[in-house]
2 protein chains.
Amino acid sequence: MRRARTFEDVLAQIERRIVEDGLTPGDRLPGERHLAEQLQVSRSSVREALRVLETLGVVSSQAGRGPDAGAILTARPDSTLTDLLRLHLGLSSLSMREVVQTRMMIEQWSAARAAASRTEESLERLRADLAAMDAAESVAEFVRHDASFHLGIAELAGNRLIAATMRALRAAVEGYAIEAVTRLGDTAGLMADHRRIYEAIAAGDGDAAVAAVTGHLTRTYPDAT
Amino acid sequence: MRRARTFEDVLAQIERRIVEDGLTPGDRLPGERHLAEQLQVSRSSVREALRVLETLGVVSSQAGRGPDAGAILTARPDSTLTDLLRLHLGLSSLSMREVVQTRMMIEQWSAARAAASRTEESLERLRADLAAMDAAESVAEFVRHDASFHLGIAELAGNRLIAATMRALRAAVEGYAIEAVTRLGDTAGLMADHRRIYEAIAAGDGDAAVAAVTGHLTRTYPDAT
DNA sequence: GTGGTTCATGTGGTCTGACCACAGTATGGT
DNA sequence: ACCATACTGTGGTCAGACCACATGAACCAC
């Protein structure tokens, strides 16, 4: 058994405090110096613990926020997941195939859910993205609205964990996406796919939505299944 | 635009180094003092960067490993994801419902994949877990093999990202699982579910496997869908 | 020669104390 | 009443020190 490092103790104490005091995003932690004194450790250890919490998207710090200020509790797991994917892809401990496959799973699930629980205003957002893609004048702009469209479907399903994962996955394949669109040359095929997905969701046809999403992703990332 | 903090620069430099030098798990980074000198920053900044990488499961440090030693590159995203879920559940920025729902998505997908690509040795592992559950003499032991069974299905699908996510999700509901088993009193119903899942996978019947998994999770976590 | 012991070296982990740039607040003058 | 100024405490960074530990080389006994 390895002895716990000091900053890990600090981590546990802060977590305990969050749970016991029922702190939620927007609340504040004491300043670094205060925490250090309360826990009888050095500021370095406190800072390392805060850095971990920041990495996990639980806390956010910025310099010089005046008295009675400290790290603010947040709920931003997005960049954690994005960084996680990017680094492990770089380390080759994860393959692009696995990432695309995971995205396939999420998008199929989301499309089915979205078809079942669609509302007029959520459909409106998807239509807006479609229109923006049609009007896009550059690959980058097209891809941006493309991402927004796919994310919209995931958010429509109403699960923050899945939506956050989807955002990270999407960011991880960003480079691939731009390359894929450029390679295909024209976007007519992609737009036809998108419209098919939208129509299926709007019609509340879950099976058709899943099929449309599956076809779309298979065509866009042919080398991963 | 907020100015980048020093340790974020260090982070970027280390990441660049990993990608450019094609480093993989098992390789080593220079020692903290060397990195500090190479990048012309203080050791504290290097340490904060390493702490971030450690949190993301990319690096692992331990004290006193002799000369020419530094942090070892790893590929352990599990605890990152587990911590992420636990903290955000504690912060109420994620609900147990969303976690269980995500698990439902992954297990359905995994079961379908597992049914399609089963092998005799992978089935053997599942059978071993089933037998261990039958022989379990305590709730804790039962739940442990229960977890192993479900994880086995996810790993069978052959996607490290999904398997890692599954491990984290499973760990997050650990407390719930023990409570659920205790509440149900006997495990006969659960075991019947497990056998039904196993049989469907062994028979290569994807649809039946999905149905069996869906029924099992719905029964185990009735208050989340 | 061989096997075990000691010891110097360098590591990660921690601490102290200092300085900086910045945001909020109070203070002062107009 | 208003605006500029100084003050205060913050997070961010740095330099330098010490500790416990793991490693490997030098050493000694046999």
Side-chain angles (χ1 to χ4, degrees), chain A residues 1-14 17-18 23 25-74 76 79 83, chain B residues 1-14 17-18 23 25-74 76 79 83:
Chain A
M1 188 60 189
R2 208 172 96 266
R3 194 179 134 278
R5 293 173 287 189
T6 316
F7 81 89
E8 290 172 324
D9 285 343
V10 176
L11 220 32
Q13 292 289 328
I14 296 180
R17 202 182 187 116
I18 291 175
L23 301 182
D27 292 335
R28 297 181 159 209
L29 255 34
E32 299 181 356
R33 292 170 177 84
H34 292 159
L35 275 174
E37 193 182 5
Q38 287 173 23
L39 305 178
Q40 287 292 296
V41 298
S42 73
R43 190 151 81 103
S44 344
S45 296
V46 170
R47 281 183 61 79
E48 294 195 16
L50 288 176
R51 205 89 299 139
V52 170
L53 290 177
E54 190 178 320
T55 303
L56 291 172
V58 164
V59 127
S60 157
S61 314
Q62 36 184 309
R65 203 190 289 90
D68 82 271
I72 307 182
L73 290 182
T74 58
R76 311 218 158 288
S79 69
D83 293 344
Chain B
M1 188 59 189
R2 209 172 96 265
R3 193 179 134 277
R5 293 173 287 188
T6 316
F7 81 89
E8 290 172 325
D9 286 343
V10 175
L11 220 34
Q13 291 290 327
I14 295 179
R17 202 181 187 116
I18 291 175
L23 301 183
D27 292 336
R28 295 178 162 215
L29 254 34
E32 298 181 356
R33 291 169 178 85
H34 292 158
L35 276 174
E37 191 182 7
Q38 288 174 23
L39 304 178
Q40 289 291 298
V41 298
S42 73
R43 189 151 82 104
S44 341
S45 296
V46 170
R47 282 183 60 80
E48 294 195 16
L50 288 176
R51 204 91 297 139
V52 170
L53 290 177
E54 190 178 320
T55 304
L56 291 172
V58 164
V59 126
S60 158
S61 314
Q62 38 184 307
R65 203 192 289 90
D68 80 272
I72 307 182
L73 291 182
T74 59
R76 311 221 157 287
S79 69
D83 293 344

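Sequence lines set the chain letters: A, B, ... in the order given, protein chains first and strands last, and positions in each chain run from 1. Predicted model, so just to flag it, every value in this text is computed and none were measured.
- Regarding B:Leu50, its CG atom lies at a distance of 12 Å from the C1' atom of C:dG13, rounded to whole Å.
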Using a cut-off of under 3.5 Å, enumerate the N/O to N/O pairs linking the protein to nucleotides 14-18 of chain D.
residue: D:dC14; atom: OP2; partner: B:Ser42; partner atom: N; Å: 3.1
residue: D:dC14; atom: OP2; partner: B:Ser42; partner atom: OG; Å: 3.0
residue: D:dC14; atom: OP2; partner: B:Ser45; partner atom: OG; Å: 2.7

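- Residues that satisfy the salt bridge (Lys or Arg N to Asp or Glu O under 4.0 Å) test with A:Arg33, not counting sequence neighbours, are absent from this structure.
- Checked against side-chain contact (heavy atoms from CB on, under 4.5 Å), A:Asp27 has the following partners two or more places apart in sequence or in another chain: A:Leu23, A:Thr24, A:Leu73.
- One interatomic measurement links the two molecules: CD of A:Glu37 to P of D:dG9, which rounds to 14 Å at whole-angstrom precision.
- Enclosure of atom CZ in B:Arg76 is not indicated, since only 12 or fewer non-hydrogen atoms of other residues, nucleotides or ligands lie within 6.0 angstrom.
- The separation between B:Arg51 atom CZ and D:dT13 atom P is 16 Å, rounded to whole Å.
- Remark: P of D:dC21 and CZ of A:Arg5 are 15 Å apart, rounded to the nearest angstrom.
- Distances shown here put every side-chain N or O of B:His34 at or beyond 4.0 Å from the OP1 or OP2 atom of C:dG10.
- Note: CZ (B:Phe7) to C1' (D:dG12) measures 10 Å, nearest angstrom.
- Here A:Leu50 contributes atom CG and A:Thr55 contributes atom OG1; the two are 10.5 Å apart, rounded to the nearest 0.5 Å.
- Taking only side-chain nitrogens and oxygens, B:Arg47 comes nearer than 4.0 Å to OP1 or OP2 of C:dG13.
- Distances from the side chain of A:Glu32 to the nucleotides C:dT14, D:dG11, D:dT10 place D:dG11 closest.
- For the pair B:Leu35 CG and C:dG10 C1', the interatomic distance rounds to 15 Å; values are reported in whole Å.
- For A:Glu37, the CD atom counts as loosely surrounded, since its 6.0 Å shell holds 12 or fewer non-hydrogen atoms of other residues, nucleotides or ligands.
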Begin from the C-alpha positions of A:Val52 and B:Asp83 and carry the test side chain to side chain contact (heavy atoms under 4.5 Å, CB included) through to its verdict. CA-CA 10 Å; A:Val52 170; B:Asp83 293 344; over 6 Å; no

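- Between the CG atom of A:Leu53 and the P atom of D:dG11 there is a distance of 14 Å, given to the nearest Å.
- Rounded to an integer number of Å, the gap from A:Gln62 CD to D:dT10 C1' is 11 Å.
- Under 4.0 Å is where a charged nitrogen must lie from a carboxylate oxygen, and between A:Glu54 and A:Arg51 at least one such pair does.
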